[in-house]
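Since the structure is predicted, the reported quantities are computational estimates derived from the model, not experimental observations.
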Amino acid sequence: MNIENNMLSQPVLAPVAAQERIATIDVIRGMAVLGILIINIDFFALPSIIIFNPSLVGNFDGINLLTWEFGYFFFFEKMMAVFSMLFGGGLILMMNRSEKNNLQFKNIYYRRLMWLLIIGLIHAYVFWYGDILFPYAICGMIIYLFRRRSPKFLIILGILMLLIGLIIYSGSGFGIGYVRDQAIQAQAALDAGKEIGPDQQGMLQAWKQMGVMFSPSSETLTKEINAYRGSFSDAFMIRWPMSIMMQTQAFLFMMFWRIFGIMLIGMGLMKSGFLAGDKSNKTYLVWMISGYVIGLPIVAYGMTTAIAHDFDFIRFMMYGAHFNYLASILVAVAHTSLIILLYKKGLFSWLTSRLQAVGRMALSNYLIHTLVFTTIFYGHGFGLFGGIERFWLLLMVLGMWIIQLLYSPLWLRHFRFGPAEWLWRSLTYWKKQPMRM
């Protein structure tokens, strides 16, 4: 999400003016907010087990398998990586603009993130558990402490944070694997008519609880589908524990290290001029080719082996997820380099200009995804949750892309901000911002 601010002539921080925005940043952000919908729509439309095993939901062969592979190969974790880099880079932009005008921005920055956190909480508990605004706000508050470090330091520290995340994730996998092995032994003893001790009984119970999360029964899946197809309160009873898990357990063990690490890398890339498009075309071409040539085969290997092992979640946590976890960052840099090259060379200007408008309204467009697709899939709307195959979901994504590429430029001809951006800025500065052009 965009965290840039603009210093006007008066000695206060104010929202960034259109003419002072860095165009490449908005174009990249527009690409990311559209691209992430390819991943998010599955979580709008299908049971949450797809986080661990997408093959358990719907037909997972033929064109539906190809659709999932397309999304995983080019977009899964790549778009979040792009957003995270831009978020970190936005802090550097804000700092540079404030210091250029001898202004302090700490209070505004933290107030801005506090409201983003509140918006994220509302988004998660009222609408959709897959919210990303809450973790971005938390990580954004921490990266402020590193704003004056060198690009090299930020990138190295970011890589270290990513590696710590991998170690924690692997450790969790080994721990769950141990519980599974002990539970199997305990069950074998019971089947043989032997008595088991309290420790073994505990392992059996723990493994049964894990099975509900990682390998739910058809009854559990049906219960979730019926809840989301039901009333708002039915959906809420499923959504709120999932949102709590996402903001606590999943955040601490999975999301924090990755988001925080990539934000630091984004700060380094902004300080170096990479994200702003200040490097030579050759530099972006090299990074684009390198990112795709190195990153995509690694992503493909991780994807195909996960399918071959039937998405075994213990294997996935121990090391199976690591291929895309790391390679997705290379692919994200390649995607970013490609967009910057297209913009700098003036290629597909009809597209990049529209992506720029989508990026300027990134928060609004992100939240519109939730409003539209929860209405389509949840019971308060059309109640299609769990009933649409992945190929048709992809066509819905393409339809939303076309709509947002068309209306975003039209909106910005008449208004300074997207509606969510206007609200966010008005709350941040505690003053109603001018909306009309």
Side-chain angles (χ1 to χ4, degrees), residues 1-6 15-38 74-75 78-94 96-97 262-263 265-267 269-289 291-292 329 331-366 368-369 397-398 400-413 415-418 420-421:
M1 299 299 103
N2 181 17
I3 61 169
E4 303 161 55
N5 286 280
N6 170 49
V16 64
Q19 67 272 19
E20 295 188 279
R21 301 178 70 94
I22 297 179
T24 53
I25 299 297
D26 287 327
V27 176
I28 297 166
R29 187 179 291 108
M31 175 267 294
V33 77
L34 294 183
I36 205 169
L37 181 58
I38 285 186
F74 290 108
F75 298 92
K78 291 81 175 174
M79 296 299 102
M80 185 181 288
V82 174
F83 267 132
S84 300
M85 287 190 293
L86 293 176
F87 204 102
L91 167 58
I92 302 304
L93 285 178
M94 187 176 177
N96 290 342
R97 287 183 174 126
I262 299 176
M263 281 185 181
I265 292 173
M267 292 168 68
L269 293 178
M270 182 60 74
K271 282 196 169 188
S272 71
F274 185 91
L275 288 180
D278 294 339
K279 299 296 184 180
S280 67
N281 289 347
K282 180 180 179 181
T283 298
Y284 293 111
L285 182 62
V286 168
W287 274 105
M288 182 188 73
I289 294 173
Y292 288 142
I329 299 170
V331 178
V333 173
H335 285 344
T336 300
S337 299
L338 172 61
I339 293 297
I340 292 175
L341 272 177
L342 292 178
Y343 183 81
K344 292 182 71 175
K345 287 181 170 291
L347 301 175
F348 301 101
S349 58
W350 58 270
L351 176 61
T352 56
S353 63
R354 293 184 178 277
L355 285 174
Q356 184 179 358
V358 172
R360 287 180 59 188
M361 295 176 56
L363 179 59
S364 294
N365 284 321
Y366 172 75
I368 285 170
H369 293 167
V397 170
L398 294 177
M400 179 57 76
W401 284 5
I402 292 171
I403 292 170
Q404 292 190 320
L405 286 168
L406 290 175
Y407 79 63
S408 295
L410 292 175
W411 177 277
L412 291 174
R413 288 181 189 174
F415 302 101
R416 297 175 184 270
F417 314 110
E421 285 77 10

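When all heavy atoms of V82 and A32 are compared, the closest pair comes out as CG1-CB, 3.8 Å. Scanning all heavy atoms of the two residues, the minimum distance from I28 to L86 falls at CG2-CD1, 3.9 Å. The heavy-atom pair separating H369 from V33 by the smallest distance is CE1-O, 3.2 Å. Nearest heavy atoms, G35 versus F75: O-CD2, 3.6 Å. Listed here is the closest heavy atom pair of A420 and S364: N-OG, 2.9 Å.
For the pair L338/Y292, a side-chain contact is recorded, criterion being any heavy-atom separation below 4.5 Å from C-beta on. Annotation: side chain of H335 is not in contact with side chain of M288 (no heavy-atom distance under 4.5 Å). With a 4.5 Å cut-off on side-chain heavy atoms, F83 and I36 count as touching. I339 has its side chain out of reach of T24: every pair of non-hydrogen atoms, C-beta onward, lies at least 4.5 Å apart. Inter-residue side-chain proximity for T336 and Y284 is flagged as unmet; no heavy-atom pair is nearer than 4.5 Å. Residues K271 and M267 form no side-chain contact, since every pair of their non-hydrogen atoms from C-beta on lies 4.5 Å or further apart. Side chains of N281 and I340 form no contact here, defined as non-hydrogen atoms less than 4.5 Å apart. Within the 4.5 Å cutoff, side-chain heavy atoms of V397 are placed close to those of W401.
Looking at K344, its side chain does come within 3.5 Å of a backbone N or O of G277 through a donor-acceptor pair. With hydrogens and angles ignored, the 3.5 Å screen pairs a side-chain donor or acceptor of N365 with a backbone N or O of M361. The main-chain N or O of I262 is never found under 3.5 Å from a side-chain atom of S84 such that the two would form a donor-acceptor pair. E421 places a side-chain N or O within donor-acceptor distance of the main-chain N or O of A362, the cut-off being under 3.5 Å. Put simply, the side chain of S408 never gets that close to the backbone of L405: no donor and acceptor are under 3.5 Å apart.
Side chains of S280 and T283: a donor-acceptor N/O pair is present below 3.5 angstrom, by distance only.
Rounding to the nearest 0.5 Å places NZ of K78 at 11.5 Å from CD1 of I38. Rounding to the nearest 0.5 Å gives a distance of 6.0 Å between CD1 of I25 and CG of L93. Here the CH2 atom belonging to W350 is positioned 9.0 Å from the OG1 atom belonging to T352, to the nearest 0.5 angstrom. Atom CE of M270 sits about 9.0 Å away from atom CG of D278, to the nearest 0.5 Å. In this structure, the separation between CG on L406 and CD1 on I403 is 8.0 Å, given to the nearest 0.5 Å. Between atom CE of residue M79 and atom CG of residue L34 there is a gap of 10.0 Å, rounded to the nearest 0.5 Å.
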Full working for side chain to side chain contact (heavy atoms under 4.5 Å, CB included) between L341 and L285: CA-CA 7 Å; L341 272 177; L285 182 62; 4.1 Å; yes
Given V358 and M31, is the side chain to side chain contact (heavy atoms under 4.5 Å, CB included) satisfied, shown in steps? CA-CA 8 Å; V358 172; M31 175 267 294; over 6 Å; no
As a quick check of understanding, evaluate ring pair (Phe, Tyr, Trp, His ring centres under 6.0 Å) for W411 and Y407, giving each step before the final call. CA-CA 6 Å; W411 177 277; Y407 79 63; 7.8 Å; no
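Aromatic rings from F348 and Y343 are positioned such that their centres are separated by 6.0 Å or more.
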